[in-house]
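In what follows, chains are A, B, ... by sequence order, proteins preceding strands, each numbered from 1.
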4 protein chains.
Amino acid sequence: MSQAKITKGRSKSPGAETVGESSNQEVSRSPTERPRLRDAERTSKAILSAATKEFAEQGYGGARVDAIAERAKINKRMLYHYFGGKDALYVAVLEGSYVAIRSAEARLDLTHRSPTEGMRELVVFTWKYFLDHPEFLGILSTENMHKARFLKRSARIFELHSPLVAEISGLLDRGAAAGDFRPGCDPVKIYMSIAALGSFFLTNRWTLSTIFRRNLSEKSEIDSWGEHIVEVIFAYLRP
Amino acid sequence: MSQAKITKGRSKSPGAETVGESSNQEVSRSPTERPRLRDAERTSKAILSAATKEFAEQGYGGARVDAIAERAKINKRMLYHYFGGKDALYVAVLEGSYVAIRSAEARLDLTHRSPTEGMRELVVFTWKYFLDHPEFLGILSTENMHKARFLKRSARIFELHSPLVAEISGLLDRGAAAGDFRPGCDPVKIYMSIAALGSFFLTNRWTLSTIFRRNLSEKSEIDSWGEHIVEVIFAYLRP
Amino acid sequence: MSQAKITKGRSKSPGAETVGESSNQEVSRSPTERPRLRDAERTSKAILSAATKEFAEQGYGGARVDAIAERAKINKRMLYHYFGGKDALYVAVLEGSYVAIRSAEARLDLTHRSPTEGMRELVVFTWKYFLDHPEFLGILSTENMHKARFLKRSARIFELHSPLVAEISGLLDRGAAAGDFRPGCDPVKIYMSIAALGSFFLTNRWTLSTIFRRNLSEKSEIDSWGEHIVEVIFAYLRP
Amino acid sequence: MSQAKITKGRSKSPGAETVGESSNQEVSRSPTERPRLRDAERTSKAILSAATKEFAEQGYGGARVDAIAERAKINKRMLYHYFGGKDALYVAVLEGSYVAIRSAEARLDLTHRSPTEGMRELVVFTWKYFLDHPEFLGILSTENMHKARFLKRSARIFELHSPLVAEISGLLDRGAAAGDFRPGCDPVKIYMSIAALGSFFLTNRWTLSTIFRRNLSEKSEIDSWGEHIVEVIFAYLRP
DNA sequence: CATGAATGAGTATTCATTCAT
DNA sequence: TATGAATGAATACTCATTCAT
C-alpha cells in the first residue's frame, strides 16, 4: 500500500519528490477532487511522510510518535489505526525509502547510453538524489545503527536491488569492451564507492564543517564535491 | 567485562587506544605511579568507556543512563558526580573520541616518509582505526544526526585538526613536486575521500549486506575493501 | 460465528436460550412471522449476545466496545445507535440475563409436583442452567465486583424474583406438611444455598483445579458435583 | 490510613494479618526504630497492600496502576522498581493472598480437637476469614475470571494446599471412626462446600440484596448465614 | 440503516535526575 | 566516595465515543 504512493506519477526529474509526499500532492492538485475531510489515503500518506522525516532526523529511538502525529497534522490515534505502531511504521518508512530511490533510478535507462555517459549519469543521479532526499540518508544511518534489524525482515529488498547491479554490470562490461574502463571492476564496489563519497559528505558534513572550520553546506562546496565524486570514480575506472 | 576489551592487545597498531582513554593511560604507564589507578580515576574511565559504547550503539536518544552505569559497573549516582549529566557525558565522549584518533594519527610521523609511502600509511591507518574502533564511527554518526550540535560547543576541536591538514598538505606538495601525485589536490578533500570510503563501508555494511545479499562483515570482504580504498585514492592522485 | 454457538444443542433443557434472547426468540418462532428476523432486530440481538459474552469473560472494565462489535459482526456505530453506549448496553445485558433465567425457571411448573420432586427439579435445573450459561455467572460476578451498582437502577428486578421465592416457599410448606422437609426453612436461604454450591464450583473451578491439582472441568467431576449439591440440599432439608 | 481498616477488630482469629502487612506493622511498632523515610520494605509492603485492594475491587483489567500508587502513597515509579509491572505485581498479590489464608489456617491446629469441634472451628474460621478479608474473595473472583492464568504459573501453590487437605482428611476419618460423621466423605468436596457457602454469600450479596430486596450486608443477616453454613455442613456430615 | 475515519482523555511504562543515608 | 530509593515529566499505546459520508 505504502508502495503505491511512492512510485506513482513521476515524469522527468528523477529524484525530486520527497518520499511519501509526491502522490499526495497530485491528489491535492487535482481540480476535480475537493480536499476531502475524511480521506484515508491522504491521512496515511501524511503519516508516512511525517514519519520519514522524524525517523531520519531523530533516529528510531529518538523519534517521537507524538512528533510524527503533529508533523502530519493528524490525531495520534490514526497512526495506530493505519500502521499499528511505531515499529511497523518505521518498517513502512524504510521499505518506502528504498522503493523510492530504486524506482527513480530505474527511470535513468542507462542501457541506451554510452558507458561513459551512463556512468556519469548514475553518479550524478545518486549524488542529486542524496542531496534532495536527506531523509533517505537519515533512515539508512538509523537502520545501520541498529545493524539492519528491521530491513532484514523484508523479503523483497534483495530483488529490488538486482536490476541495479545488473545495470552497472552492463555499463562496466560495455565500457571495458570499448576501452573506456579498465576491465574486472566489481559493480557492487563501484556502486558502494559512489554512494560512499556522496553519503559520507552529506551525512558527516556537520562534524566535518566543525573540525575543518569550513562550511560544507554552502552551495559552492556541495557542487565542488559533486564534481569530485565524478573525478574520483572516473580516475578509478580509467584503464 | 568492558575493561577487558579496552586493554586488549596493543603493540604496534598506532590507533589502538580506546576512544577517550589514550592520554590517561600514558599517565598510568609512568613507572613512578603505582600501576593501579586511583578509584576515582578508574571509576571515571569506566564510565567514559561504557558511555562511549552505549552512545555509539544506541545513539544519543537511545542511550540509557542506567545502561551506562550497568556497563561501567558503577552506581548511577557516580555518573552524575563525575560528569554532571547525560549531556555533559556525551560531550566528554565526543571530544575524547576525536582526541583519541588524532593522537594516534599524530604518532604516524608521515613527514619522514616518501609521499607515496606516507599516503599509503595514512589510508591504511585510517581504515584500521575505523575497523578497530567501531564506537568512533557510531559516535560520529550520532553526532551528525544531531547536526553536530554538541561538537560545535567545543572550542579546541578545530585546533586539534590543524596538524592533520598540515601533514596531508605536506604529503601532497612533496608528492606533486616529486611527480608522484598530480598537483592542486585539496588536502581536506583527500582526507574526506579516505574517510568516506572507510566509514561508509563499515557503518553501512548492515544494510548493504542485506540489499546486495553479500556478507560484508566477512574478513575477505573487509580486507578487499581496504585494498580498494588504497586503489581509489591512488588512482585519484595519479598525475 | 457467535450465532452458531448460541443455537447449538438445545433439546430439552428448559433454560436453553442464550441470556437475554429468550423472549425475542419466541417471537421469531411464531409461525405467522417470517422466520428471519428483520435486520434491525437481528443486529440488536447480535450485539446483545456478543456483549453478554464479552462482559462475562472480561468484566465490565475489561470488556472492549470494539471487541463486542467484532464478535457481533456489526459496525461499532450500530452499538451506539441501538444501545446508547457501553453502560446502557451492560445494563441491557444484565437485565436480559436475569429475565432469561427466571423465564426458564418459570417453565418448570414446580407446583404440580411432589415437594421432593419439585425441589430436586429446582436444584437440577439451577445446576444445569449455570453449566449451560457460563455467561450468566460471569455477568453476576462482574456486577457484584461493582457492588450491584448497575442492577440497583433496575426497577423491575425485584418483581421479577417474587414468583421464584413464592414457588420455593410453596414447596417448603408442602414438604413440611407432608413430613418430607423439616419446617421453618427460609426459602431465600434455600435458594441461595443451591446457587452457592452450583455457582462457586463453576466460577472458581479454575483456581480450585490449580490449588488441589484436580481437573474440575472434567465431566466426571462436574457430574459428581451436581449430585453433591442435591445431597447437601436434601441433607439440610431432612427433618 | 489503609492500615486502620485492616487491623480493626481482630482479637482471637488467628488469620488476622492482611497479606504483606503484618511484619511491617511490627517494624513500625518497634520503639527503637524511627519511621525511616527511605524504607524499601515499608514501601514495598504498602504497594502490595494497596494493590491487593485495588485488584480485589476492580479486577485485573479495571485496576489502575495510578490508583495503586495513590492508595500506597508512593510514586508510581516505585511500583515498577519493586515489582516490575502490573502483571508481576498482580502475581505477587495473588500468591500473597493464598499464603496469608493458608498460614492463618495452619494456626488452627485442628488435630488436637475432637472431630466435631475441629470441623466447626474450620467452618467458622473460613467464614470469618472471608468476612474479614474481602480482598481475598475479590482476588479469587478476578483470577477465576481469567481462568487462573496467573495462578497456573505458580509452582508452589499446590504444595501450599496439601496440608489443608490432609488436615480435613484426618478430621473426617476420626469423625467417621467415632461415629460422628458418615464415612466416605471427600475432604476436597467438604472444603469446597464450606468455601462455596461462605464465598457466594459474601461476593454475591450485592445482587442478592437487590433481587430479594433484603439487605444481606446487615449484621443479623451475616451472622445468620454463618450459622446456616455450620448447619448445612453438619447436616451433610451427619451419619 | 450502515460504515469506518477521527478524536481526546486516559493507561501502562520508562527515563533522566535528585535525595537521604 | 558510594548507594539505591524516590520523583515528575515524558512516551508508546488504548479506549469509548462522535462525525462525515
What verdict does the side-chain hydrogen bond (donor to acceptor under 3.5 Å, both in side chains) test give for C:Thr52 and C:Glu135, after you've listed the backbone C-alpha separation in whole Å, the side-chain angles of each residue and the deciding distance to 0.1 Å?
CA-CA 6 Å; C:Thr52 302; C:Glu135 316 88 27; over 6 Å; no
- Task: For side-chain contact (heavy atoms from CB on, under 4.5 Å), just list the numbers for B:Thr142 and B:His146, CA-CA rounded to whole Å, side-chain angles, deciding distance to a tenth of an Å, and then say yes or no.
- Result: CA-CA 7 Å; B:Thr142 293; B:His146 292 280; 4.3 Å; yes
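Rounded to an integer number of Å, the gap from C:Ile47 CD1 to F:dA16 C1' is 15 Å. A straight line from CZ of D:Phe83 to P of F:dA6 spans 12 Å, rounded to a whole angstrom. In this structure, NZ of C:Lys73 is placed 16 Å from C1' of E:dT3, rounded to the nearest angstrom. Rounded to whole angstrom, the span from the CD atom of B:Glu70 across to the P atom of F:dT3 amounts to 14 Å. Going from atom CD of B:Glu41 over to atom C1' of F:dA2 covers 18 Å, rounded to whole Å. In this structure, B:Leu89 places its CG atom 11 Å from P of E:dA16, rounding to the nearest Å. Atom CE in B:Met78 sits roughly 8 Å away from atom C1' in F:dT3 (whole-Å rounding). Rounded to whole angstrom, the span from the CD atom of C:Gln58 across to the P atom of F:dT14 amounts to 15 Å.
Secondary-structure stems of DNA chain E, taken as three or more successive Watson-Crick or G-U wobble pairs (i with j, i+1 with j-1) under a 3.5 Å distance threshold, comprise E:2-21 with F:2-21.
Listed by first then second residue, pairs satisfying ring pair (Phe, Tyr, Trp, His ring centres under 6.0 Å) with a partner in residues 63-93 of chain B read B:Phe55-B:Tyr90, B:Tyr60-B:Tyr90, B:Tyr90-B:Phe150, not counting sequence neighbours.
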Contact string for nucleotides 10-15 of chain E, one letter per nucleotide 5' to 3', B = base within protein heavy-atom range under 4.0 Å, S = sugar-phosphate only, - = neither, reads BSSBBB
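The 5' end of DNA chain E is approached more closely, in terms of each residue's nearest nucleotide, by C:Tyr82 than by the other of A:Asn75 and C:Tyr82.
Of the listed nucleotides (E:dA6, E:dG8, E:dT3), E:dA6 has the atom at the smallest distance from the side chain of A:Thr43.
Applying the salt bridge (Lys or Arg N to Asp or Glu O under 4.0 Å) criterion to A:Lys86, with sequence neighbours excluded, gives no partner residue. For B:Glu54, the salt bridge (Lys or Arg N to Asp or Glu O under 4.0 Å) criterion is met by B:Arg71, not counting sequence neighbours. Contacts of C:Asp87 classified as salt bridge (Lys or Arg N to Asp or Glu O under 4.0 Å), with partners at least two apart in sequence or in another chain: none.
In this structure, CD on D:Glu143 lies 8.0 Å from CZ on D:Arg149, to the nearest 0.5 angstrom.
Minimum heavy-atom separation, A:Ala92 to A:Leu48: CB-CD1, 3.8 Å.
For the pair B:His81 and F:dT1, the criterion of a side-chain N or O lying under 4.0 Å from OP1 or OP2 is met.
Using a 4.0 Å cut-off between a side-chain N of Lys or Arg and a carboxylate O of Asp or Glu, D:Glu57 and D:Lys53 do not qualify as a salt bridge.
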